[in-house]
Amino acid sequence: MTKAADPKFEALLRLGDNTLILGHRVSEWCGHAPVLEEDIALANTALDLLGQTNLWLEYAGEVEGKGRSADDLAFLRDAWDFRNVLLVELPNGDFGQTIMRQYLFDVFNRLNLTALTQSTDQRIADIAEKAAKEASYHVERSEGTVIGLGDGTEESHRRMQDALNILWPYAQELFITDEVDDAMAEAGVIPHPKSLQDAWDTEVRAVLAEATLEVPVAHFGHRGSGKDGKMHTEHLGHILTQMQWLQRAYPGQAW
Amino acid sequence: MYAQMVKSTGQGVKSLDEMDPVEREFQEKVDADIRIEPRDWMPEGYKKTLIRQIGQHAHSEIVGQLPEGNWITRAPTLERKMILLAKVQDEAGHGLYLYCAAETLGISRDDMTEQLLSGKMKYSSIFNYPTLTWADIGAVGWLVDGAAIMNQVPLQRTSYGPYARAMVRICKEESFHQRQGYDIMMRMAKGSEAQRRMAQDALNRFWYPSLMMFGPSDANSVHSEQSMAWKIKINTNDELRQKFVDQTVPQAEYLGLTVPDETLAWNEEKGGYDFAEPDWDEFFDVLKGAGPVNNDRLEARRKAWDDGAWVRDGLLAHAEKRAARKVAAE
């Protein structure tokens, strides 16, 4: 992807890649969750995220106009073409880390999607309408769990604080902006990420306080980020190795 | 169903005349197809056998998440990935209904889980076989869910109310699972040479383990006889196995795949196929823990349970704190 790439295509990839990679991570829990209800809830979350992925990437392929399907974009791009934030590609860690990551992302996703329902691009507004409802439910669930575990036992509190310390800097990447954001926000296609930051910060800090957790003083210290494709963690390549295996090993087959 | 070798009382079936009035009343209700509900009197053996059977079924749903979950992150398209996720999620839901049904008999889900992890309670032998390729996901849906449906459809009429009602919900979802499995097989069988080989290989590996799902021939089993008298087992293992083979062989033919049984032949007289028995020594070995992935399955479940202890404790502690705060505020 060169700098000349259509900013709308880029913006759609950012949406679709975040949900694709996070959906992949969450789906890794299948059959391994701490309680049966969590197995069901995590599978449900992953399913919603992958459903959103399908809609974003399908539209991204159309905007690009090179005949690529959602599957082509998901299964046939390499790491440098992915536009997800680093937060979502981090390994699951313990359940605390998984649910903290989910919460930090869910609040962003809900705020972003709610704003996207007002997009000047009707297709984006329609997808956001459907996805925002799912995201609200996700926030409800991850928020309750973060509070419950933060304000639970000594051990659960410690683990949630550890999770927050690891993830907080990565969450700040959600609000890093570049010329794609500027152009698309200017055209009313997406909200400017900066415009979501205060609401996110207020909401998340209140919940973390209720969870008796301390917000660390830290920021995301890299200029390039996952969303512009200039940086990823080493984990992304391994996710793709697994996710894309069949499509790469048996190219061009119908499944 | 995923219950094999469920032990019953070990005694022969009593006649109505041998029963005391309470037990006789119970048996007459069962005979008249009146459902037994949790508050009704029931023989201790009936209760114990049901706990074993429903518990084994529930555990099978839970352990059964693992072989399919194994392919969620590698599913070949977004649609297949979503379908598989939804299916595995359904299975966790089935586990939940079944544990709830068993809990009406006075055992907790945590107790049953501990018994699964200690090896005291079993799950279906089929889940001790690995899913090696994507076609295995098709084969599991087609054959394993197909065999499960064969077992579960009659259990919708089982004598114990909560179990029968759980089964009604489960059966609806299972038939969707079987269709998606067959759809994967169809795509593979009509695909490239490599995909056809993959599909045939999956059928080769899953055919006999699927036949084992019905349990060994129970013509002489005291357990089966008692369970059938109680209507917690409706058909014999052999009846169901025959039905399964008769249904599945034409499906394999339609796919252009070969059932790995040279003796397989249509028997006009009985109106069904003659087929080879699975290797029952292997079946008993796998039940005892010698299957290819028994250790992996139990280890995965133990790890999930142990690693999750702090989460369960944390959420419980929080719920207690909240309740205490609420009381203090009042």
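Order of the sequence lines fixes the chain letters, A, B, ..., with proteins taken first and strands second; residue numbering starts at 1 for each chain. Given the structure is predicted, the values throughout are model-derived calculations rather than measurements.
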Using non-hydrogen atoms and a 4.5 Å limit, figure out which bit of [X] sits close to chain B: side chain, backbone, both or neither.
X: A:Ala74; result: side chain
X: A:Trp255; result: both
X: A:Tyr250; result: side chain
X: A:Leu20; result: side chain
X: A:Gln247; result: side chain
X: A:Arg159; result: side chain

Examine whether an atom of [X] lies under 4.5 Å from a heavy atom of chain A, and if so say whether it belongs to the side chain, the backbone or both; otherwise answer neither.
X: B:Trp310; value: both
X: B:Met198; value: side chain
X: B:Met188; value: side chain
X: B:Ala86; value: both
X: B:Ile184; value: neither
X: B:Asp307; value: neither
X: B:Ala75; value: backbone

Using modelled atom types only, decide if a donor and an acceptor are shared between the side chain of B:Tyr182 and the backbone of B:Gln251 within a distance under 3.5 Å.
yes
Can A:Arg25 and A:Glu89 be counted as an ion pair, charged N to O under 4.0 angstrom?
no
Would you call A:Glu62 and A:Arg123 a salt bridge, taking side-chain N to carboxylate O under 4.0 Å as the test?
yes
Would a 4.5 Å heavy-atom cut-off, applied to side chains only, mark A:Ile190 and A:Lys8 as touching?
no
Worked check of side-chain contact (heavy atoms from CB on, under 4.5 Å) between B:Arg301 and B:Val63
CA-CA 7 Å; B:Arg301 290 310 308 162; B:Val63 177; 4.1 Å; yes
For atom CZ of B:Arg302, is the number of surrounding heavy atoms from other residues, nucleotides or ligands below 6.0 Å larger than 12?
yes
B:Tyr129 six-ring face occupied by B:Arg205 cation (under 6.0 Å, within 45°)
no
For chain B, find which of A:Leu57, A:Asp39, A:Asp151, A:Thr53 contributes the most heavy-atom pairs closer than 4.5 angstrom.
A:Asp151
